[in-house]
Undergrad: 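Here it is: the structure, laid out below.
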There are 2 protein chains.
Amino acid sequence: MGKPHQQRKQEIIQSTLALAAELGVKKVTTQAIADRIGVAQATIFRHFKTRDAIFAEAIAWLADQLFLVLSNCFQSQQDADQRLQQLVHRQLQFISEHKGLPRLLFSDRLHLESPALKQAVQTIMQHYTREVAKLIEEGVDSGHFRQDLDAMQSAGFIAALIQGLVMRWSIFNFDFDLEQEAKPLWDFIDSALR
Amino acid sequence: MGKPHQQRKQEIIQSTLALAAELGVKKVTTQAIADRIGVAQATIFRHFKTRDAIFAEAIAWLADQLFLVLSNCFQSQQDADQRLQQLVHRQLQFISEHKGLPRLLFSDRLHLESPALKQAVQTIMQHYTREVAKLIEEGVDSGHFRQDLDAMQSAGFIAALIQGLVMRWSIFNFDFDLEQEAKPLWDFIDSALR
DNA sequence: ATAAAAAGTGATTAATCACTCACTTTATTG
DNA sequence: CAATAAAGTGAGTGATTAATCACTTTTTAT
């Protein structure tokens, strides 16, 4: 049954995300992860030095995947407003498929117990906001959005809108379709920017 | 040193909120609460049956206070848009003064371990959204806001904006002035509704 | 003043969990 | 086919913490 290091690491990360989605971060114990992939609890520590290290890599993996999914919204040659709309849609879609993300991001375990993890999340958020701000600026320059817009501030509010929506979705136990919110959410954002 | 029951309950609730604000929900142990008010750990359980019961009453207290602060935004005779602007400002001000609120609301302890607590939070949020929706409808009727607005949906997005902003504020360790965000936030909301 | 009720406490318990370690099994390679 | 490295494990340990309980002190009411 012995599998190579990298493969086990991936199994552990994926199990962590699945468990976080299903049960919440608190219940992602090293025992639970071990049970899910069928190894002993002690085995987990052959592949990760601490439990927090697992969370750190899980977050890094999610961030990578998300930016991969959003990358052509930041680069393609379409109009800025079209790309921003697509970004909103893709992001909601991505989060729908990775419920572990809000659970990890919104757990106080994360911000308050591991300064390194908190720092990582802050960096990801800042990176995200900056990219969205660039997109908005393009939209302002090309006349799709209002001229008097503060791009960085607007990007922050768009991020807040999505985060707040996801927060609510998480608190309401994922019991409405997040993706379906993309259209009305875009209408709201669009009318705020236009 | 023996104080009456109701007074001690209030001390425990206030200590809980202060500790949650400073250190996060996880570190609000019964020992920490006891230390803060200068009694033994066992004494806490003379006044509350369980630790979760403390959180439940703390949330109820916050909800009461918040609706008290917002009450005349829901009732006064001013224009709807003026009252909505005031609501946004007062709410941010209130949260600034009660950092324990986001910490409690966004802790996974709350949603995932105590269904009763989660239910309470859901009810508060729904109540809030419904009140804001009524306000928006008044604004639509009086011609201050767009005619084609879905009041309930817009109210949801406003709630999401505030929650997302507060979330970010919490993740960034309360290191920017939340109240100062009221004006730009209102500009954003206003242009989305008008 | 005194009985009864209320508030408070020290000591303990039982559960949970991340993490360690000495040791075994499995895979790799010269 | 050894020899060596890599992966895996059972049995702990120590720290944390909500909750209990038998008992003491303080407050209240008659």
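All chains are named by letter (A, B, ...) in the order of the sequence lines, taking the proteins before the strands, and each is independently numbered beginning at 1.
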Undergrad: Report the distance from atom CG of L23(B) to atom P of dT16(D), rounded to the nearest whole Å.
TA: 15 Å
Undergrad: Check for a donor-acceptor pair, side chain of R103(A) on one end and backbone N or O of L23(A) on the other, with a separation under 3.5 Å.
TA: no
Undergrad: Does the side chain of Q10(B) come under 3.5 Å of the side chain of Q14(B) through a donor N or O and an acceptor N or O?
TA: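 Q10(B) vs Q14(B): donor-acceptor pair found between side chains.
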Undergrad: Do nucleotides 24-30 of chain C as a string where each nucleotide becomes B, S or -: B if the base has a protein heavy atom under 4.0 Å, S if just the sugar-phosphate does, - if no protein is that close.
TA: ---S---
Undergrad: In terms of side-chain geometry, is the basic nitrogen of K3(B) or E11(B) positioned less than 4.0 Å from the acidic oxygen of its partner?
TA: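 E11(B) and K3(B): salt-bridged.
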Undergrad: Got a donor-acceptor contact below 3.5 angstrom from the R8(A) side chain to the H47(A) backbone?
TA: no
Undergrad: Can you build the contact string for nucleotides 16-21 of chain C? Use B for base contact, S for sugar-phosphate-only contact, and - for no protein heavy atom under 4.0 Å.
TA: -SBBBB
Undergrad: For residues 168-184 of chain A, run the donor-acceptor check on the side chains, cut-off 3.5 Å, and write out each pair with its distance to 0.1 Å, sequence neighbours left out.
TA:
unit_1, atom_1, unit_2, atom_2, d
R168(A), NH2, T129(B), OG1, 3.4
W169(A), NE1, F176(A), O, 2.8
D177(A), OD1, E179(A), N, 3.2

Undergrad: For I44(B) and dG10(C), what is the distance between atoms CD1 and C1' respectively, to the nearest whole Å?
TA: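 So the two atoms are 15 Å apart, to the nearest Å.
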Undergrad: Which nucleotide sits closest to the side chain of T43(B): dG8(D), dG8(C), dA7(D)?
TA: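 Among the listed nucleotides, the one closest to the side chain of T43(B) is dG8(C).
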Undergrad: Return no unless some side-chain N or O of H47(B) is found under 4.0 Å from OP1 or OP2 of dG8(C).
TA: yes
Undergrad: Quick check with a 6.0 Å cut-off and a 45 degree axis cone: is K9(A) positioned over the face of F48(A)'s six-membered ring?
TA: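 Judged by the rule, K9(A) and F48(A) form a cation-pi pair.
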Undergrad: May I ask you to decide if A155(B)'s main-chain N or O and R130(B)'s side chain share a donor-acceptor pair within less than 3.5 Å?
TA: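 No: the side chain of R130(B) does not pair with the backbone of A155(B).
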Undergrad: Without decimals, in angstroms, what is the distance between H5(A) NE2 and dA5(D) C1'?
TA: 14 Å
Undergrad: Let me know the distance between CD of Q7(A) and P of dA6(D), rounded to the nearest Å.
TA: 17 Å
Undergrad: I need the CD1-P distance between I33(B) and dT17(D), as an integer number of Å.
TA: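 That distance rounds to 12 Å.
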Undergrad: Do D150(A) side-chain atoms and Q153(A) backbone N/O form a donor-acceptor pair below 3.5 Å?
TA: yes
